[in-house]
Amino acid sequence: MDTVFGFVGKDFALVATDCGVAYSIMRFSDTEDKIMAVDDNKLFAMGGEIGDRLNFGEYIQKNIHLYTFRTGIKLNVREAANYTRSELAYAIRNGPYQVNLLIGGFDEEGPSLYWLDYLGTLQKLTRGAHGYGAYFVSGLLDNWFKPDLTLDEGIELVKKCINEVQTRFLMSQKNFVVKIVTKDGIRVI
Amino acid sequence: MSYDKAITVFSPNGQLLQVEYAMEAVNKGYCCVAVRGKDCIALGIEKATVSKLQDSRTLQKVLLIDENTCIAFAGLNADARILANMARVEAQSYRLSYEDAPTVDYIARYISSCQQKFTQKGGARPFGLSNFICGFDQLSRPRLFQTEPSGFCTEWKANAIGRNSKQVREFLEKNFAPDLNREDTLRLVTRALLESVEANTKNVDIAIISTEDRRVQFLGESDLQKAIDYVISLKK
C-alpha cells in the first residue's frame, strides 16, 4: 500500500511518497516516482493501483495541457483539483480509478494542498496523508505542524514522518521521494 | 436526414466546385506570408481593420497548437478556431499515447486530413481556410507546411496565402534565399507582406518563432515601425 503525505508551508507546498512497487509477495521496485508534475506549478502525489495511477495521472495531465492550449489560460490549483475530482466522481460509477491523491500546488492564492480519493472526495487541507502510512504519519503531522513553516522546518518534519513509517510500518519502505512547489516552480528535495 | 445530400459533388468537368469556392473564400481573406529561415520562421500577417470599440487582442491569427507548433491562417476566422481545436486535441491525444510531442508534419497531415474529410461528407461544407503550420522538428530544424481546403498538404520554404497571394508569392520566388538568419528572414517577410498591404503598423503584424525561444514572438510597435521604414527606404 502506497504511503503518500504532504503539507503546506509558508511559501511552498510539499508532497512525499514512498518508492515501492509491490506485486503479490514480491517487491518489484523501490525507485518508483509516484509524484507527477501536471503543470509547472502542480504536483500530483498518487497512491493506489499502479496502472490506474499512471493512466489517470497522464490523462489528467494531458487534459490540463489541452485546456491551456485551447484557452491560453493556465488552470490554477483549485480549478485543477476540482476538475480531477469531477473525473474521479464520474469514474466511480462507470469504471473506477483506484487512485488516491494529494495535489500540492502554488498559485496566486499561495501554496495549497488538496486531498482527493478514488470516490471523488475533495478537501482542501494544510496537511494530509493516504494509505496505511497515514495512520502513522497523521499524528506526527498534527503534532509538529504549525502555520507558516519554513522550508527547513518542513524538511525536518518530513524526515520525522519518513523515519516513523520506516520504523513501524509492516512493509519495508526504503526510499521516499519528496517534492516541493514554490513560486519558482517544482523542485526535488 | 440531410446526410444523403452531399454538398461536395463532382462537376461534369471533374472539379469539386465547393472546394474551389472555398479557395475563393481563402483568397478573399487577409493576407498571410511565411518564410522559413535557417533557425526560425517568420510570419507576416495582415491585420483586419479593428473598429474603435473592438478589443484587438481577441482577434488571434496565430494559434498555438502545441509547444512546438503553431498555425496561421487565411480565410474564415470561425473555421480556424474549430480546426485549431481539433489539432490541439489530437496533439494531446498523441502525447497521451506516445509520451512524446507530435512532429510538425504529423499535425500538418492531421489538419489536412480533417479538411479532406469535409470534402467527402454529406450535409457539410469544406473548411474555408488555408493554414500555415509552423514549428520545429526533433533536430530543431524549422518546418513550414501549408494546407488547403481540398486537404492538400505540402511543405514550403516560403509562401503566401489570402489576398494578393499570387503577387506576394512571385515576389518571394524572386527574392528568397535559403538559410537566412533571423534579421534577414524578418526583412524578407516584411517586404513580401508590404507588396500586398499598405505600409502601416496598424495593418501589419510580424511574428517570429526561433529555435532558442520556441514561443511565438510578435514584433513590438517600435521594431515593427523600424522594419516597415526599412522596406520603404528600399523602395526609394
Side-chain angles (χ1 to χ4, degrees), chain A residues 21 29 31-44 46 48-76 79-84 86-88 90-91 94-99 101 103 177 179 184-186, chain B residues 43 45 55-73 77-104 106-108 110-111 114 131-136 205 207 209 213-218:
Chain A
V21 176
S29 162
T31 53
E32 174 86 0
D33 185 354
K34 297 174 192 169
I35 306 179
M36 190 177 272
V38 153
D39 215 348
D40 55 15
N41 69 337
K42 299 176 198 59
L43 285 174
F44 275 39
M46 297 177 281
E49 192 66 43
I50 306 166
D52 284 346
R53 178 167 49 83
L54 291 171
N55 244 9
F56 183 70
E58 286 174 2
Y59 174 69
I60 298 295
Q61 185 190 52
K62 302 311 179 212
N63 268 295
I64 290 183
H65 286 170
L66 182 62
Y67 181 90
T68 320
F69 284 115
R70 262 197 183 133
T71 59
I73 311 168
K74 249 175 49 171
L75 280 172
N76 66 25
E79 293 165 343
N82 273 286
Y83 169 69
T84 312
S86 75
E87 290 284 345
L88 285 165
Y90 176 83
N94 285 292
Y97 288 109
Q98 284 201 23
V99 185
L101 55 144
I103 300 177
V177 172
K179 293 190 186 172
D184 300 319
I186 295 173
Chain B
L43 294 164
I45 303 146
D55 189 342
S56 60
R57 285 172 309 159
T58 54
L59 230 132
Q60 276 189 323
K61 284 213 66 171
V62 181
L63 301 165
L64 199 63
I65 301 297
D66 198 359
E67 272 159 27
N68 60 340
T69 322
C70 68
I71 60 171
F73 61 90
N77 232 311
D79 283 4
R81 273 203 324 272
I82 303 299
L83 216 46
N85 188 42
M86 288 162 116
R88 283 166 177 156
V89 173
E90 180 62 22
Q92 290 305 314
S93 171
Y94 184 100
R95 277 179 182 262
L96 186 59
S97 306
Y98 304 105
E99 200 57 44
D100 210 2
T103 53
V104 191
Y106 179 87
I107 294 188
Y110 178 76
I111 291 178
C114 282
N131 299 298
F132 278 134
I133 295 123
C134 335
F136 295 92
D205 242 337
I209 327 154
D213 181 10
R214 299 275 174 116
R215 259 168 303 169
V216 182
Q217 270 180 313
F218 280 89

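In what follows, every chain begins at residue 1, and chains take the letters A, B, ... in the order their sequences are listed.
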From B/Arg95 atom CZ to A/Leu66 atom CG, the distance as rounded to the nearest 0.5 Å: 11.5 Å

Heavy-atom side-chain contact between [X] and [Y] under 4.5 Å:
X       : Y       : result
A/Lys62 : B/Glu99 : yes
A/Arg70 : B/Asn85 : yes
A/His65 : B/Asp66 : no

Portion of B/Leu63 that has a non-hydrogen atom of chain A nearer than 4.5 angstrom: neither

In this structure, are over 12 heavy atoms from other groups packed under 6.0 Å from A/Tyr90 atom OH? no

Restricting to non-hydrogen atoms, name the atom on A/Tyr59 and the atom on B/Leu96 that form the minimum distance, rounded to 0.1 Å.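 Heavy atoms only, the tightest pair is N-CD1, 3.7 Å.
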
